[in-house]
Amino acid sequence: MSEKKGFDPKEFEEKFYKIWEERGYFEVDGNEKIQKDGREFCIMMPPPNVTGSLHIGHALTFTLQDIIVRYKRMDGYKTLWQPGTDHAGIATQNVVEKQLLAEGKTKEELGREAFLKRVWEWKEQSGGMIVHQMRKLGVSPAWSRERFTMDEGLKNAVKEAFVKLYEEGLIVRGNYMVNWCTHDGALSDIEVEYEEHDGKLYHIRYPLADEEGFVVVATTRPETYFGDTAVMVHPDDERYKHLIGKRVRLPLIDREIEIIADEHVDMEFGTGVVKVTPAHDPNDYEVGKRHNLEFITVFDEKGILNKFAGEFEGHERLDAREKIVSRLDEKGYIEKIEEHRHQVGHCYRCHNVVEPYISKQWFVKKEIATRAIERVNEGEARFFPPHWINSYNAWMKDLRDWCISRQLWWGHRIPVFYCDECGDEWASKEESVTTCPKCGSKMVKQDPDVLDTWFSSALWPFSTLGWGNGEALKGVKWSEKDLEEFYPNDLLITGFDILFFWVARMIMMGEHFMKELPFKDIYLHALVRDEHGNKMSKSRGNVIDPLDTIEQYSADALRFTLAVLAVQGRDIKLSNDKLELSRNFTNKLYNAANYLLMNEKKFENLKNMQVKTPLGRYMLSRFALAVEETRSFIEQYRFNDAATTLYRFLWGEFCDWGIELSKASKDSVGELGAIFKEAMKLLHPFMPFITEYLWHKLSKTSLESDSSVMVLPYPEPVGRDEKIEGEFSAIIEAIVSIRRAKATVDMPGKKIEKVYIKPDTPMDAELAAPFIKLLAKTEDVALVTEKVKDAITDVSEHMEVYLPLTGIDLKPILQRLEKQQAKLTKEVVKLSSMLKNEKFVANAPAEVVEENRKALEEAQKRLKKVEEELLQLTSV
């Protein structure tokens, strides 16, 4: 049976993860033996929806968090990575409602208590699948402390926060115009997604009430005209000044409304006459308040037109649109209908068209954010990349009161009670209230609505640490010292797309309740897109499933690819080619370990040995640089630069050169193995599985019976030896240069008799000779100070190499190069003329033009190289 090539991560990923978790390595005291006094680090997991499954955006967030957490844990910090899931009010209720509908039932038939019981059952059985999927990625949060936004402790914290804000006058209830989804109820401004929509602009004639004639108004929502309570013109509009104060009749229903003047009207737009529907348009709402107009609501919470719509009462508002327009047209009230492209708001959950709607809702007043905005701008929290502070400020500057009530059953029920007897209203932290504190009546009821999901998650940075929990889950999910040790959190890592949904709200709540901003640093990563830069979507068919990717490439390969691509502020273009490179990297590491073990049975820990050989000292010095850079980049959250440094050192320097050079220095292998082991610790936060595997493989130990790499100290910077680095840099340059010269005369793999090297700076011939002889395949090496005649010359940065032409027949080499020159010249001419053809460039697909440009650049590059080789051979 032949030995398999490469390694199979499936053999150890699940096994290692289980051991790590069972031993408690992920917990706050998992690294107790290496913890250093005064070092604490805390980061919160953005709680994924309990309905969700792991997508590639999650994979990026959790990978970056895990890198920093594993690094801090190994660096001696008492580390808390707080995990948990969000109850996702609208999404979860929709899931269970759909299940009921499939059974022919509705939530109303079940009743509130039975429905909530059903949701909890679903949550226990199917919810939280995502946290099991996350384990496949190798993440290391403190799972024993996993929270749920509706667990007993967090439920108490939500009541604590609500009641305090209510008593401070920062939570109020009133009739406001809100974004209304006829399926999901009230939405905050940022829960509305606007999309371009091909609609129509309907121009409707409103007859004047007391004289001949009419005015024409234009609207995209003709079904709302039943709620018009005025028609509005600009006070300076000469066309209509004579009509101000007169009245018009609404078509079909003959209700009269006044023509008013208001500077809000744009005289240049449309007819200059605007219908005013205060109950169904946010701008009209403000006009209505200014002019003391009547507010007429024409459809109910489900979007069904009411009595004000006359004959259309009982119709759904969007279904009725064409029927209303048809009737208006039939009666001669339609002036014209134009095609009109405009923005339409949709519910972010069910994609229903959102309506402006006046409703009695609960709001957090915007004043809660005043001090938080100031403190962020005073530098108490830093954004990475820094430009995100501009977006934060722009949104906060226009902040409006936050609508926090939702017309759902699943969620934190609003802790406000009403007395039917005396009309009193009060907030209470009590689970159940049966008696009015003012009049003693038993006719008490609780507000039926629940809180916006983001209200509870806004408390996440401190509620999970015990704030407001009372005694619930104390000592199980949180401990007495948590707030002191872990608040404020050190870092937040999340996607930029929830800056306003979540990040800004955590900042305002944290500052208000804790008097400190909840995090010192805020890292906002960009989107993960496909290789062409397109956003991933099911309709495009370009969605990358992280679980499938792990199955195909390994968790380490996915993590490393995401890290290497995570440039601050740039979208990540993920492709199979890049994943393939990372998988090849894991194979390279595996093969390097096998080579080392062919020469030594096992390897010491670096701290237990003194590195003496020249090659060992060189590789140790290069490792010292990698340690220094990796640490610095991780501390600056430059994950891509840290990953690139590790790749450069391990593949480019250690595997490609360290191992090659060791073939001429067998006494260095024991030292190289110790350095490679230490490098596995350096790489561990990025690729936890293979580093654990190779550490034990090289140590001749096993994770089952020994400690893990993840709780060993992270490599510390050590001094560099620049002298030895310079010497080996010259040796490597000489080997590369000789190989290039040999390739020019078609002798790449053949042994040659002698080469001459003319270095720019002194070179240690005794040290260099064994390495150059073996790896450049030459019998002899001589250092010279003058140019050698009758030799091929290769000029590099710090030296010239001369390869004598004695005994070499140049004729076939020249013939080959001349053929290549002719072929490449023909290709360059063809591609150049194609790209100069304006018709081709204008009509061909952009990707075809780009492919031809790249092909031309490549052909020109190859032609230049061939011509240089010809010139050198003919001038010898």
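The closest side-chain heavy-atom distance from D452 to R505 is below 4.5 Å. Side-chain contact between L451 and W362: absent, with no pair of heavy atoms (C-beta onward) separated by less than 4.5 Å.
For Y206, there are no ring pair (Phe, Tyr, Trp, His ring centres under 6.0 Å) partners, not counting sequence neighbours. Residues meeting the ring pair (Phe, Tyr, Trp, His ring centres under 6.0 Å) test with W180, sequence neighbours left out: Y357. Under the rule for a ring pair (Phe, Tyr, Trp, His ring centres under 6.0 Å), the partners of W395 that lie at least two apart in sequence or sit in another chain are F500. Looking at residues two or more places apart in sequence or on another chain, you find a salt bridge (Lys or Arg N to Asp or Glu O under 4.0 Å) between E238 and K241. For F308, there are no ring pair (Phe, Tyr, Trp, His ring centres under 6.0 Å) partners two or more places apart in sequence or in a different chain.
Of all heavy-atom pairs spanning G272 and V265, the tightest one is O-CG1, 3.5 Å. The two residues D449 and Q361 make their nearest non-hydrogen contact at OD2-OE1, 4.1 Å. Residues V364 and I171 approach most closely at CG2-CG1, 3.9 Å, considering heavy atoms.
Annotation: cation-pi pair K123/F148 present, NZ/CZ under 6.0 Å from the ring centroid and within 45° of its normal.
At a threshold of 4.0 Å, the pair E421-K438 does not count as salt-bridged, since none of the basic side-chain nitrogens sits closer than that to a carboxylate oxygen. A salt bridge is absent between E256 and R249; no separation between the charged side-chain nitrogens and carboxylate oxygens falls under 4.0 Å. Look at E355 and R317 and you find a salt bridge, because one of the NZ, NE, NH1 or NH2 atoms lies within 4.0 Å of a carboxylate O, short of that distance.
There is a side-chain donor-acceptor pair under 3.5 Å between H525 and T61.
Judged as a ring-ring contact (aromatic ring centres under 6.0 Å, His included), not a single pair has a partner in residues 231-278 (not counting sequence neighbours).
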